[in-house]
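Here is the structure we will look at, set down as structure tokens.
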Amino acid sequence: MIVDIVLQIVKIIVIFAVILTCVAYLTLMERRCLGFFQVRLGPNRVGPWGLFQPIADGLKLFFKEDMTVLHANKFYFILAPVISFVAVLSCFAVVPFAGNAYIIDIPVAVLYLMAISSMGVYGVLLAGWSSNNKYSAMGGYRATAQMISYEIPLALALVGVLILSGSMSIVDIVNSQNGMWYIVKQPLGFIIFLICILAETNRCPFDLYECENELVAGYQTCYSSMKFGLFYIGEYAHIFLACCLITLFYLGGWNGPVLPALAWFFIKVFFCAFCFIWIRATYPRVRYDQLMNLSWKVVLPLAFLNLIVTAVIKVMF
Amino acid sequence: MIKALIVGLWTTLRHFFSRSVTLEYPEQKWTPPDRFRGRHIHLTNEERKPLCVACGLCEKVCPSGCITIESEKNPDGPGKVVTDYRINYLRCCFCGLCVEVCPKNAIVMGHEYELASEDKESLIMNLDQLLDKRMKSENQ
């Protein structure tokens, strides 16, 4: 019993260390790749190829002055970054990295994911509201509207996958993709999922709630030091989570020839991350009304269509 | 619309694999164009004497007032010889008016641009520092 608990805790610590390292290097990867996309080099001064840059960034954040703005609601102001950080990291509890490298495999993993990842929006909303600042508030409101609008088609796209696999456990979903990835069976669902997850993770072209040129970083305007750092880690952890989910639900998870399962998983995840960065480097930000129109008038009906067609085909054959 | 999205992705991907235009400065140096206005150079004649006749036109025309000329009467002939010529690079705006106005073409704008320094004194340069180290400049 005790041994089990200790083992589980060790497992949690190891997996979270791996996740946080990946997240740190995701920031470096993003900066270097964006550099290459813009025909420049990106950060390459700290250590070989800039590999120590995330450490330098982290140290810098620690030594920055920790400010709480005068008219902020102190409790929520401090609570907000914690919520967005914890909400994302708790999602990783059910994300399997390989056949047996996961913290827990619960039969309602997908439901758990949807529920916990939606909590993240509270962090953003509370941050925007408690900062007592109109730009932050605008960012917070936009975040709420955007999250609600895109969570529905996201869930509907996922239901297509659930119908095909017949299970809500992520390990089962991955195992049911042996031989045929769901990106082949669910192309429309995949595109819907991709659009929605871009909006959920607050990535370009849907980064409306922190757009630095109209809202001066939106809900993060009043944050500094490690409180900002927590938002930042949370955001990149969310991107990492999104890449993991795309890999698990549509790209066959850790399945692949020759290489070990873990290697395949990380190759796929970082390929997804590269695509995220590629999309960021390519598309301009959409306008707020375009964002809402896209969600309710295009993506949502398509998600319903995808769901109905999948269900009909599953029943017929 | 979908075609445009794909064309956009293709364009950025091409740039991803193209050569970076970044100049890694301390290791790689920039070559300024011919007419670049960097630190001044005082030209000399065959006897390595400055061409400057200390007429003081550059001192007058300088909008920042950063030129100071010290001179004495020429011991072996007519006119004056320059004994010191200081340019205060803390104030110089590199407009090049001193070069334009010089009747003897004794001063030209050089190509040196690395003029950062840790103390102010070293940026007030005297005649010795400004003199052309070569016999004759190609700019003449």
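Residue numbering restarts at 1 for every chain, and letters A, B, ... go by the order of the sequence lines.
- When all heavy atoms of B:S20 and A:L41 are compared, the pair lying nearest together is OG-CG, 3.5 Å.
- In this structure, A:Y283 has no ring pair (Phe, Tyr, Trp, His ring centres under 6.0 Å) partners at least two apart in sequence or on a different chain.
- Crowding of A:K314 atom NZ: a count of heavy atoms from other residues, nucleotides or ligands under 6.0 Å exceeding 12.
- For B:R14, no part lies near chain A; criterion is any non-hydrogen pair under 4.5 Å.
- B:R19 approaches A:V39 most closely through the heavy-atom pair O-CG1, 3.1 Å.
- Listed by sequence position, the residues of residues 56-64 of chain B in contact with chain A number zero, using a 4.5 angstrom heavy-atom cutoff.
- The environment of A:Y232 atom OH is sparse: at most 12 non-hydrogen atoms of other residues, nucleotides or ligands sit within 6.0 angstrom.
- Classification of B:E27 and A:R45 as a salt-bridged pair holds, one side-chain N sitting under 4.0 Å from a carboxylate O.
- For B:W30, the CH2 atom is densely surrounded, since the number of other residues' heavy atoms within 6.0 Å is greater than 12.
- The neighbour count for A:K297 NZ, taken as heavy atoms of other residues, nucleotides or ligands under 6.0 Å away, does not exceed 12.
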Check your understanding: For A:N44 and B:E24, what are the C-alpha separation, side-chain angles and deciding distance, and is it a side-chain contact (heavy atoms from CB on, under 4.5 Å)?
Key -> CA-CA 10 Å; A:N44 64 349; B:E24 291 192 80; 3.1 Å; yes

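- Among B:L5, B:L13, B:L9, B:T11, the residue making the largest number of heavy-atom pairs under 4.5 Å with chain A is B:L9.
- Within a 6.0 Å radius of OH in B:Y113, more than 12 heavy atoms belonging to other residues, nucleotides or ligands are found.
- The stretch residues 284-310 of chain A participates, sequence neighbours left out, in no ring pair (Phe, Tyr, Trp, His ring centres under 6.0 Å) pair at all.
- Once rounded to the nearest 0.5 Å, the distance linking CD of A:Q38 with OG1 of B:T22 reads 10.0 Å.
- A centroid separation of less than 6.0 Å is found between the aromatic rings of B:F16 and A:F274.
- The contact list for residues 69-85 of chain B toward chain A, using heavy atoms and a distance under 4.5 Å, is empty.
- A distance-only check finds no donor-acceptor pair linking the side chain of B:T12 to the backbone of A:A281 [under 3.5 Å].
- Surrounding OH of B:Y25 are more than 12 heavy atoms belonging to other residues, nucleotides or ligands, all under 6.0 Å away.
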